[in-house]
Visitor: 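Mind having a look at this structure? Questions to follow.
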Amino acid sequence: MLRSCAPRLRTLGALRGLTGGARPAVGDAGPALLIPQGFSANGVTGSIRLEIPSIRDWTESWSKEIRLLFDQFMKKCEDGSWKRVPSYRYISPQDSKPTKEEGQMSRARIFSRSYDDGLGFEFVMFHNDVEKRTVCFFQGGPHLQGPSGLLHGGALATMIDVTGGVTAVMTGEFVMTANLNINFKRPIPLGSVIVINSQIDKVEGRKFFVSCDVQSVDEKTLYSNATGLFISLDPEKK
Ligand SMILES: CCCCCCCCCCCCCC(=O)SCCNC(=O)CCNC(=O)[C@H](O)C(C)(C)COP(=O)(O)OP(=O)(O)OC[C@H]1O[C@@H](n2cnc3c(N)ncnc32)[C@H](O)[C@@H]1OP(=O)(O)O
């Protein structure tokens, strides 16, 4: 299944070398990179196609607040201390092993990128290598409603999972989520912009212990905090 990690690590290394750069026009798709492992029910297979770097530049659906944060962090990318995490949208079907569900699999999309613009998970992430942390600016769209007018807890859990996972992945290892522990402290108004800060607290062998907090942009409200365990795959195991 995962005999050699070298190509994967090379690709991740290339990924981690990405910088923010100038902002291209909205909707201007950048080149694509394939991470040579994806996940299927049978294990690890295929590739994840990463569309970089501009595919999810801000769109009309982004509020002024998230655009402002985006611009601030793109500026921080200029000296190389922060990197914008590339957007990744779908598992490339031609690179997945043929399965019985080939027809359905050809419609596979990364969950957090599967909604039409503005309706679901609108977010951008930036990573700081030295501090081993990732910041995610997230605006939950109307299709992520839980209780009336509020963000669904599962949608927040998804974003915590993705942000924590990216924080671990950016070290150069491909990880799976083993454990997530989330405290939901305050409800989040649907459509508001929130900030998810994630950092690696400890690494023990293949285990990455990550913590996250979720706050309002003005940092006055702590909506949630969480810890997660992400484990890189053992190349010896089938
Ligand atoms: C870079 C830009 C973009 C990148 C794109 C990518 C996006 C990334 C974002 C992705 C976001 C979305 C992500 C998703 O949606 S990932 C999808 C959801 N997650 C899964 O489906 C994972 C299913 N589980 C597994 O596959 C295996 O259990 C894994 C691989 C996790 C470990 O199986 P493995 O056979 O390898 O492990 P091991 O048995 O040798 O144990 C090894 C060590 O770990 C310890 N342990 C194990 N389990 C747990 C546990 N639950 N709590 C506490 N500890 C646990 C264990 O005690 C041992 O410790 P030690 O004895 O060594 O001390």
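We use all heavy atoms of the structure for the numbers below, so side chains are in, but hydrogens, waters and symmetry mates are not. All of these numbers come straight from a predicted model, not from anything done at the bench. Ligands are counted one by one from 1 in listed order, and the atoms in each one are counted from 1 as well.
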Visitor: Kindly give the heavy-atom pair with the smallest separation between Ile194 and Leu156, and that separation in Å.
Guide: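 Between these two residues, the closest heavy atoms are CD1-CD1, 3.8 Å.
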Visitor: May I ask you to list the atoms of ligand 1 that are less than 4.0 angstrom from any heavy atom of Val85?
Guide: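 Answer, ordered by atom number: 2 (C).
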Visitor: Taking 4.0 angstrom as the limit and counting only heavy atoms of Leu229, give me the atoms of ligand 1 inside it, by number and element.
Guide: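 Checking each atom against Leu229, I get 52 (N), 53 (C), 54 (N), 55 (C).
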Visitor: Residues two or more places apart in sequence or in another chain: which of them pass salt bridge (charged side-chain N to carboxylate O under 4.0 Å, His left out) with Lys207?
Guide: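 Salt bridge (charged side-chain N to carboxylate O under 4.0 Å, His left out) check on Lys207 returns Glu204.
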Visitor: Any N/O of Lys207 closer than 3.5 Å to an N/O of ligand 1?
Guide: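 Yes.
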Visitor: Any cation-pi pair here, Arg133 with Phe126, using under 6.0 Å and within 45°?
Guide: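 Relative to the ring axis of Phe126, which defines the angle, Arg133 lies outside at least one limit.
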Visitor: Among Thr134, Thr177, Val162, whose heavy atom sits nearest atom 18 (C) of ligand 1?
Guide: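 Shortest heavy-atom distance from atom 18 (C) of ligand 1: Thr177.
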Visitor: Pairs of nitrogen or oxygen atoms closer than 3.5 Å, one from Arg206 and one from ligand 1: do any exist?
Guide: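 N/O-N/O distance below 3.5 Å exists for this pair.
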Visitor: For Ser216 and Tyr223, which heavy atoms make the closest approach, and how far apart are they?
Guide: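 Between these two residues, the closest heavy atoms are N-CE1, 3.6 Å.
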Visitor: What part of Ile231, side chain from CB on, backbone N/CA/C/O, both or neither, has a heavy atom under 4.0 Å from ligand 1?
Guide: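 The part of Ile231 near ligand 1 is the side chain, not the backbone.
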Visitor: Does any pair with a residue in residues 141-154 pass side chain to side chain donor-acceptor pair (under 3.5 Å), and if so which ones, sequence neighbours excluded?
Guide: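 Residue pairs passing side chain to side chain donor-acceptor pair (under 3.5 Å), neighbours aside: none found.
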Visitor: Does the side chain of Trp62 come under 3.5 Å of the side chain of Glu122 through a donor N or O and an acceptor N or O?
Guide: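 Note: Trp62 and Glu122 side chains meet the donor-acceptor criterion.
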Visitor: Are any of the N/O atoms on Ala178, whether in the backbone or the side chain, positioned under 3.5 angstrom from an N/O atom of ligand 1?
Guide: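 For ligand 1, there is an N or O atom that lies under 3.5 Å from one belonging to Ala178.
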Visitor: Which ligand 1 atoms, with their elements, are less than 4.0 angstrom from a heavy-atom of Val169?
Guide: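 Atoms satisfying the 4.0 Å criterion: 1 (C), 4 (C), 8 (C).
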